[in-house]
Amino acid sequence: MTAPHTAIRVSEIFGPTIQGEGMLIGLPTVFVRTGGCDYRCSWCDSLYAVDSRFRHEWEMMSTDALWQKVVALSGGRPVMVSLSGGNPAVQPLGALLDRGHREGYRFALETQGSVARNWFAELDVLVLSPKPPSSEMATDWAAFDACVEAARGRPQIALKLVVFEDTDYAYARDAAARYPRLPVYLQPGNHTPPRPGDENAPIDMDGVMKRMEWLVEEVTRDRWFDARVLPQLHVLLWGNKRGV
Ligand code: SF4
């Protein structure tokens, strides 16, 4: 039996597919989505990895078992592994990074920046995605600072901000101003996220694309020339479908 402190709570492992958003967009990737999150964003698009009602779908896995699955999916060829959630920072992932790096794999982790871990310094890419006001969550900037510090300048770090409305855009500008050295990626929010168990729920693509256009207008009007505006590629390709 796996010791509780080393077991990793996993919601799903899938791939390879392409990374759909942010600085690694388009890159072939295997995804490890952990279960459980210390946030509950109003528009969360992965509730099945957050809400404890879906706990029965989650699996406690040893580092070894998880790693075997990643290797099988990638056919043993080193690939980028994306650690997402939920909040993957609440899981014990340090040993997984050691294991994968020994075999030539690379790791990117995305988190809202609420929990810092020493092993952030062992990542290849750390995507920090603070949640704007429309999420109905409040950012603890001291905790966020601790995440940046935990990385000790070793992985590439990027800020990724989801924007739904004016207040989110203002928040994104503030977040970018706090961390002027970090590259900024903006993406329009999906206001029609999947309902757990109903991945075929229709997506308001026109609405998402209108928000994307608006975001481009805001950024160019403000001469915010360091920001990159990207769609969620997987949403364009597959809507709300899971595991792609
Ligand atoms: S931080 Fe991410 S996974 Fe957690 S509730 Fe918010 S959107 Fe969902």
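Whatever order the structure lists ligands and atoms in, that order sets their numbers, starting from 1.
We find that Arg40 and Asp51 are joined by a salt bridge, their nearest charged nitrogen and carboxylate oxygen being less than 4.0 Å apart.
Here Met137 has no heavy atoms under 4.0 Å from ligand 1, in either its backbone or its side chain. Contacts of Cys41 with ligand 1, taken as heavy-atom pairs under 4.0 Å, involve both backbone and side chain.
Considering only non-hydrogen protein atoms, atom 4 (Fe) of ligand 1 sits nearest to Cys37 SG, 2.4 Å. For atom 8 (Fe) of ligand 1, the nearest non-hydrogen atom of the protein is Cys44 SG, 2.4 Å.
Near Gly86, meaning under 4.0 Å from any of its heavy atoms, are these atoms of ligand 1: 3 (S). Residue contact check: Val50 has heavy atoms under 4.0 Å from atoms 3 (S), 8 (Fe) of ligand 1. Here is the list of ligand 1 atoms found below 4.0 Å of a heavy atom in Lys131: 1 (S), 2 (Fe).
Checked against the 6.0 Å centroid threshold, Tyr48 and Phe54 do not count as a close aromatic pair. Ring centroid separation for the pair Trp214 and Phe164 does not come in under the 6.0 Å cut-off.
Distances from atom 1 (S) of ligand 1 to the heavy atoms of Glu110, Arg33, Gln112 show the closest one on Gln112.
Residues Asn87 and Asp38 bring a donor and an acceptor atom of their side chains to less than 3.5 Å of each other. A side-chain N or O of Asp145 and one of Tyr179 form a donor-acceptor pair less than 3.5 Å apart.
The two atoms that bring Tyr105 and Val70 nearest to each other are CE2-CG1, 4.2 Å, heavy atoms only.
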